[in-house]
Amino acid sequence: MSAITKIKGFADLFPPDSTAMLRMESAAREVFGRHGYQEIRTPILEKTELFARSIGEETDVVQKEMYTFPDRKGRSLTMRPEATAGVLRAYVENKVYARETVSKLFTFGPMFRYERPQKGRMRQFHQLNCELLGAEEPHADAEVVVMLWDFLGTLGIPDLALELNSLGCRECRPAYHEALKAFLAGLDTDALCEDCRRRMHTNPLRVLDCKVPTCKALVEDAPKITDHLCAGCADHFAAVREVLDGANVAYTLNPRLVRGLDYYVRTTFEVVSGAIGAQSAVAGGGRYDGLIAQLGGPDAPGIGFACGMERLALLLPPVQAARPDFYVAVLDPAGLTAGMLLAKGLRDAGLGGECAFAAKSMKSQMRAADKAGARACLLLGGDELAVGTVVIKNMATGGQRSVSRADVAEVARAVREAAG
RNA sequence: GCGGGAGUAGCUCAGUUGGCAGAGCACAUGGUUGUGGCCCAUGUGGCCGAGGGUUCAAGUCCCUUCUCUCGCCCCA
């Protein structure tokens, strides 16, 4: 029989990878919670229509990366490729906007995109998402960005760069697009790389982002979106920056920062790292006024971000695994039950540790205690069984003493003492 | 969807012109009949990714295929 393997691009997480996920989730609950954000959970499976309408029919995500399939009655369902659409659907469907004018929500969990896996990219990956709904003011944008920066700082991630841009709005963006297209049309097209010749028509903003040196040089003097913002967008962007400056959040303005999802307007931002391979974006987000209405809700504004947990995990400083307080070594089979019950009593007293299942040699039990990293080893052999005691050995100093087993509180005290 | 790299023990990897599958680490047991780490000894562990071909003989050469990995596209 051949063994069944996991699906390409999906992962099994054991410690320390699984504990890294837990660390990120705990930090998220703490930091986002302090900012008044509440955790919500939405389904992993949604109607395909939801993503087609929110992310954009023409985006790569919708065109070729979604896990889409019919259910048993022929309805088209999709494994969520991102979280914002589902959160907004829940916001609209549950009429959250009728209960409160501003909603602060966060969520995390698995997302699915059918792409070729590589470093920092999996077909099932995990994101942390925050959404601030119902606030159009620039200070809302600023709060979200500052909160993201604080979150990453809490985790101790080094050498991250924050990039900031404004994409303008429905008023000023079309004019910029025309200006950019005109500029590109005036270039020597043959000098551009193959990808850029295609991008000129499919997604002209992307040409500005090309890594090929010749392309970079050619678009050096391309018009910048930030020079084409309308008065409203320019004021908004300036106010956002004022808060970031005051909060000492270091950022760079990147007029070439493009977001791949159609729904972004005005403020967009991205956090990148140079230490995790080609997929360098750790987090990204922006404002999406109009999207809620597009999903059948009220004309409420919104802003949020997504943070890639696998990419973040590549950057998390390692932490030492927690060490158990004790290990009960049983030397005589007749003591196995007494050992189990002793361990239970210690756990009831708030300590952590394990007891052997089989009576083996002293050497192998001590090795087991050492391997487990136990701070104290409890020895239960024939002698102790006969007189009702247990020997407590301090694994760091090697010192040991005998304690009566009858008083669990006393045993626990001795273990705590040995455990430091 | 398109490129590059790699598949040999649980892990990291050697393996010569084709000639009996190896090392280190890890794991188990012992060196000490009740004392861990360091050291030493012994042991467990392999369809050499899979299938086909050439050959007296294939981990090694040829073909096919699968998987992993890095990159492109794109994104978190």
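Proteins come first, then strands; the chains are lettered A, B, ... in the order of their sequence lines, and each starts at number 1.
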### Query
Do Arg123(A)'s NZ or CZ and the ring of Phe112(A) fall within the cation-pi criteria of under 6.0 Å and 45°?
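No, Arg123(A) and Phe112(A) do not form such a contact.
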### Task
Answer yes or no for Arg29(A) and Phe32(A): cation-pi contact, defined as NZ/CZ to six-membered ring centre under 6.0 Å and angle to ring axis within 45°.
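Cation-pi check for Arg29(A) and Phe32(A): fails.
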### Message
So, OP1 or OP2 of rG1(B): does either fall under 4.0 Å of a side-chain N or O from Lys64(A)?
### Response
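No, outside the criterion.
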### Message
Is the phosphate of rC72(B) approached by Gln118(A) (side-chain N or O, under 4.0 Å from OP1 or OP2)?
### Response
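Yes, Gln118(A) has a side-chain N/O under 4.0 Å of OP1/OP2 on rC72(B).
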Look at the side chain of [X] and the base of [N], then say whether one donor and one acceptor between them are separated by less than 3.5 Å.
X         : N       : result
Gln400(A) : rU35(B) : yes
Arg116(A) : rG3(B)  : yes
Glu65(A)  : rC74(B) : no
Gln365(A) : rG34(B) : no

What is the separation between atom [atom1] on [X] and atom [atom2] on [N], rounded to the nearest whole Å?
X         : N       : atom1 : atom2 : result
Glu115(A) : rC72(B) : CD    : P     : 12 Å
Leu379(A) : rG34(B) : CG    : P     : 12 Å
Met79(A)  : rA76(B) : CE    : P     : 19 Å
Glu384(A) : rG34(B) : CD    : P     : 11 Å
Met24(A)  : rA76(B) : CE    : C1'   : 12 Å
Met395(A) : rC38(B) : CE    : C1'   : 14 Å
Leu314(A) : rA76(B) : CG    : P     : 17 Å
Tyr327(A) : rG36(B) : OH    : P     : 14 Å

#### Entry: Residue whose nearest RNA chain B nucleotide is more 5′ - Tyr114(A) or Ala396(A)
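The residue mapped nearer the 5' terminus is Tyr114(A).
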### Query
Closest nucleotide of RNA chain B for Met122(A) versus for Ala368(A): which of these residues is on the 5' side?
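Taking each residue's closest nucleotide, the earlier one in sequence belongs to Ala368(A).
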#### Entry: Check: Gly381(A) main-chain N/O paired with Glu384(A) side-chain donor or acceptor under 3.5 Å
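Answer holds: yes.
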### Backbone of Leu77(A) reached by a side-chain donor or acceptor of Glu46(A) within 3.5 Å
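Not at all, since once roles are kept as given, no pair shorter than 3.5 Å links the two residues.
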Base, sugar-phosphate, or nothing for [X], non-hydrogen atoms under 4.0 angstrom?
X         : answer
Ala369(A) : nothing
Lys393(A) : base
Gln63(A)  : nothing
Glu270(A) : nothing

Does a side-chain N-to-carboxylate-O contact under 4.0 Å join [X] and [Y]?
X         : Y         : answer
Glu30(A)  : Arg34(A)  : yes
Glu143(A) : Lys104(A) : yes
Asp60(A)  : Lys64(A)  : yes

Are [X] and [Y] packed together at the side-chain level, in the sense that at least one heavy-atom pair is separated by less than 4.5 angstrom?
X        : Y         : value
Leu88(A) : Tyr288(A) : yes
Pro81(A) : Phe51(A)  : yes
Ile40(A) : Tyr91(A)  : no

### Message
Counting only side-chain heavy atoms from C-beta out, which of rC68(B), rG37(B), rA76(B) sits nearest to Gln127(A)?
### Response
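In terms of side-chain proximity for Gln127(A), the closest of rC68(B), rG37(B), rA76(B) is rA76(B).
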### Message
Of the listed nucleotides (rG34(B), rC72(B), rA76(B)), which one gets closest to any side-chain atom of Met362(A)?
### Response
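Selected nucleotide: rG34(B).
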Taking N or O atoms only and anything under 3.5 Å, show me the protein contacts with nucleotides 29-32 of chain B, one pair per line.
{"from": "rG30(B)", "atom 1": "OP2", "to": "Ser361(A)", "atom 2": "OG", "distance (Å)": "3.2"}
{"from": "rG30(B)", "atom 1": "O6", "to": "Arg367(A)", "atom 2": "NH2", "distance (Å)": "3.1"}
{"from": "rG31(B)", "atom 1": "N7", "to": "Lys363(A)", "atom 2": "NZ", "distance (Å)": "3.3"}
{"from": "rG31(B)", "atom 1": "O6", "to": "Lys363(A)", "atom 2": "NZ", "distance (Å)": "3.1"}

### Message
Dot-bracket for RNA chain B, please. Rules: Watson-Crick or G-U, both distances under 3.5 Å, ( ) within the strand, [ ] when a pair crosses earlier ones, | for another strand, . otherwise.
### Response
(((((((..((((.....[..)))).(((((.......))))).....(((((..]....))))))))))))....
